[in-house]
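Written below as structure tokens is the structure these notes are about.
One is the number of the first residue; the rest follow in order along the sequence. Start at 1 and go down the list; that is how both ligands and their atoms are numbered.
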Amino acid sequence: MPIHTSPTYWILETRNTAYSFGLNDSGLLTHCHWGARLPFVADYPAPINPVYWAADGASHFTPEEFPSNNGAKYIDPALKVTFADGVRDAVFEFVDFALVDSFTLEIRLKDSYYPLHLTLHYRVHEEYDLIERWATLENRSAEPIQVERLFSAKWTLPPSGGDDYFLTHMFGHHVDEFHMVREPLTKGVKVIESKRIITSFQHTPWFALDRNASEDAGEVWFGTLAWSGNWKIAAEVADYHSTRVNIGWNDWDFTWRLQPNQSLQTPPALAGYTPSGFGAASRLLHDYVRDTVIPHGKILHKVLYNSWEATTFNVDEASQSALAEIAAKMGVELFVMDDGWFHKRNLDNAGLGDWWPDEIKFPNGLGGLIQKVNALGMDFGLWVEPEMVNPDSDLYRAHPDWVIHFPTRARTEMRNQLILNMARADVQDYIIEALDKLLRENNITFIKWDMNRHVTEPGWQDAPGDPREIWVRYVEGLYHVWGTLRERHLRVIWQSCASGGGRADFGILRFADQVWTSDNTEATSRLNIQEGYSQYLPANTMEAWVTDADAENVPLEFRFHVSMCGSLGVGGNLLEWDQSERQVGAECIRQYKEIRHIVQFGDQYRLRSPQKNPFSAVQYVSKDRSESVLFAFRVHIPDFVSVVKLPPIYPRGLDPEALYVIEGFDRPRSGKAWMETGVDVNLKNMQSKMLRIRKVAP
Ligand code: GLA
């Protein structure tokens with residue numbers, strides 16, 4: 001049984017880890033253990049009973065599972081409410097618990113005076129060494145209650161002897177996503193967040209706390225949030241080195257008017273522990289996403305072509321067909337027409353909202369092009385940006401009130417567009433109807449769902465509750481629309497794009513199978529972006545195109561190798577590729593088809609970090625360890641530095657006892673030998689290599 005219960009103590013066990021908490025003598029729900037799984041139930045530590053000390057109460061020193069704001073405690077709380085009579089704290093007391101099923105536990109609490117109920121939910125993902133948590137507040141009083149903060153979880157780290165945790169998180173911006181930074185977590189509260197209504201590429205809703213861990217070894221506690229809107233991670237080191245992490249909806253500009261007999265449920269937070277370094281932490285998340293989150297985790301992604309960088313808005317049947325013919329010959333399996341195909345869309349200043357084919361570019365609809373693409377043996381996909389509207393559109397002229405705005409303020413435009421208020425039912429219905437029609441009438445099997453601007457003037461006239469609920473209700477509306485369309489069109493594969501990787505999270509991946517990782521398709525930048533992305537998301541979700549970006553400096557094979565580390569696509573202007581380039585492309589696509597099951601479904605090992613080294617390598621190993629593929633890349637290293645030789649690359653994840661052959665080396669050796677002594681991959685500047693590794697015995 002993964003969950004052990006007693007009237008006052010609960011233990012959640014995964015394959016290798018455990019998480020426990022219980023009621024202390026004051027009745028506070030107190031965190032006890034998060035780390036290795038221990039042999040006996042009796043091994044788990046009892047809840048502590050701190051004493052009152054000078055300026056703080058005992059609860060200040062208690063690692064509470066879900067502290068609210070009350071009493072003499074000044075810890076960053078997980079919850080804050082204001083009752084109808086103006087009382088601004090909440091005092092939750094334990095009521096009871098329930099095992100919902102063998103993997104799911106509920107702890108129920110109630111305010112000591114008001115009929116406000118709080119349920120803490122825990123789910124054990126045994127196989128993945130992950131714990132999932134979320135919270136529900138229920139107002140059983142006759143008056144509304146203002147909820148000003150409701151996080152999904154507070155994660156408590158083992159007490160440390162000093163400030164010895166390092167926090168790793170990711171930051172970036174448009175065309176430069178997923179930079180990793182690892183820094184000591186010092187006293188105070190360190191916040192990373194999104195205030196943009198999307199997940200954002202400024203920060204990523206993922207954290208890792210470690211105690212001197214490396215890629216291959218050492219303790220790492222890591223977590224993420226399944227949410228695609230405003231979020232916050234607040235890591236706090238308080239008195240006596242107590243270390244805790246809040247994660248959930250951002251409470252910035254947030255208030256929820258919780259009406260009588262209504263409840264409010266947070267999105268799930270997910271976290272895990274591993275003693276085996278950052279690589280192991282990533283692999284747990286990768287498996288979890290592939291197996292349980294994305295809709296089509298068992299389907300190999302097709303090699304796609306996307307026309308954006310080749311044709312931008314200048315799409316029509318002739319130009320797209322010309323590209324499709326070359327793409328098909330090269331082995332592409334899915335042809336995606338990007339922006340520019342719909343009503344009056346000739347530039348980015350018009351058309352968004354009017355989701356029917358442009359009458360001049362496609363006088364007979366999309367059918368002709370789709371038939372042509374299908375006849376070439378490829379599936380057809382399309383770009384949309386459903387949450388947006390250009391002021392120059394029929395939709396906006398009919399419904400100017402549908403956009404997010406304050407009536408007394410100018411409506412800030414970005415990329416000449418405004419955001420439809422997805423919290424409104426009429427907006428949701430319009431988008432469902434428009435996209436449903438498109439999908440019903442056309443043989444479309446792939447949709448790239450884009451979202452190219454962030455919110456400003458976050459007003460919501462006629463909001464049924466507090467207008468600040470927009471931050472959450474927008475995302476719920478988005479999930480409703482996307483979920484409805486997905487249900488109606490189960491064969492469609494969806495891709496989440498927000499000017500690149502701006503909406504890459506465990507929430508959106510319940511609808512989308514893939515993420516458009518970055519608008520930056522220059523291959524050397526991509527190495528860095530892809531490394532960051534791989535911290536929390538698997539390679540099969542990572543769409544990667546080969547384009548013409550910096551083609552003068554980066555060889556075509558190098559560009560292919562970079563994209564072959566994810567879900568391969570091509571986005572260059574094939575009309576301008578000469579015969580030899582098309583041949584290189586065809587050959588790389590052929591090779592990718594041979595190895596894509598290893599990349600998309602296998603275990604990923606980051607052998608040398610491109611964010612830290614100009615000579616980097618990444619490896620994928622099939623789950624049965626019978627085959628593997630290793631990619632090595634050298635960007636620019638001055639000759640003086642590499643005059644002797646490049647360091648060996650040490651493969652990982654092989655069966656130590658089995659014999660393997662590595663392409664280019666004649667002698668089979670044991671997995672252990674290859675992993676211990678490494679392989680020499682000699683590359684010149686801007687060269688790359690793909691090495692296949694095969695088990696030959698036993
Ligand atoms: C965004 C996307 C690009 C492309 C353009 C189209 O920038 O990230 O891939 O689809 O929009 O306008």
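Residue contacts with ligand 1, taken as heavy atom pairs separated by less than 4.0 Å, involve S499 solely via the backbone atoms N, CA, C and O. Here N452 has side-chain heavy atoms under 4.0 Å from ligand 1, and that is the only part of it that gets that close.
Which parts of ligand 1 touch D339 is read off a 4.0 Å heavy-atom cut-off, strictly below it: atoms 6 (C), 12 (O). Short contacts between ligand 1 and G500, defined as distances under 4.0 Å to a heavy atom of the residue, involve ligand atoms 8 (O). Every atom of ligand 1 with a heavy atom of C497 under 4.0 Å away is listed here by number and element: 2 (C), 8 (O). Residue D338 approaches ligand 1 through these ligand atoms, each under 4.0 Å from one of its heavy atoms: 4 (C), 6 (C), 10 (O). For ligand 1, the atoms sitting less than 4.0 Å from at least one non-hydrogen atom of W516 are 8 (O), 9 (O), numbered in the order shown with element in parentheses. Interface of R415 with ligand 1, defined as ligand atoms under 4.0 Å from a residue heavy atom, comprises 6 (C), 11 (O), 12 (O).
Note on ring orientation: taking the six-membered ring where Trp is involved, the planes of W231 and H203 are perpendicular (angle over 60°, cut-offs 30° and 60°). The aromatic rings of Y536 and F178 sit tilted relative to each other, their planes meeting at an angle between 30° and 60°. Taking the six-membered ring where tryptophan is involved, the planes of F313 and W308 are perpendicular, since the angle between them exceeds 60° and thus also 30°.
The heavy atom nearest to atom 1 (C) of ligand 1, out of those in D450, N306, D348, T312, is found in D450.
F201 does not carry R196 over the face of its six-membered ring by the limits of under 6.0 Å from the centre and within 45° of the normal. By the 6.0 Å and 45° rule, R526 stacks over the aromatic ring of W516.
Ring pair W252/W471: centre-to-centre distance below 6.0 Å.
Contact check on R345 versus D339 returns a salt bridge, with a Lys/Arg side-chain nitrogen under 4.0 Å from an Asp/Glu carboxylate oxygen.
Surrounding NZ of K344 are at most 12 heavy atoms belonging to other residues, nucleotides or ligands under 6.0 Å away.
Distances between N or O atoms of R345 and those of ligand 1 include no value under 3.5 Å. Among the atoms of W545, none of the N or O lies under 3.5 angstrom from an N or O of ligand 1. In terms of N/O distances under 3.5 Å, ligand 1 is approached by D519.
Every residue two or more places apart in sequence or in another chain that forms a side-chain contact (heavy atoms from CB on, under 4.5 Å) with R590 is listed here: E587, E594.
Annotation: atom 9 (O) of ligand 1 to nearest protein heavy atom, K448 NZ, 2.7 Å.
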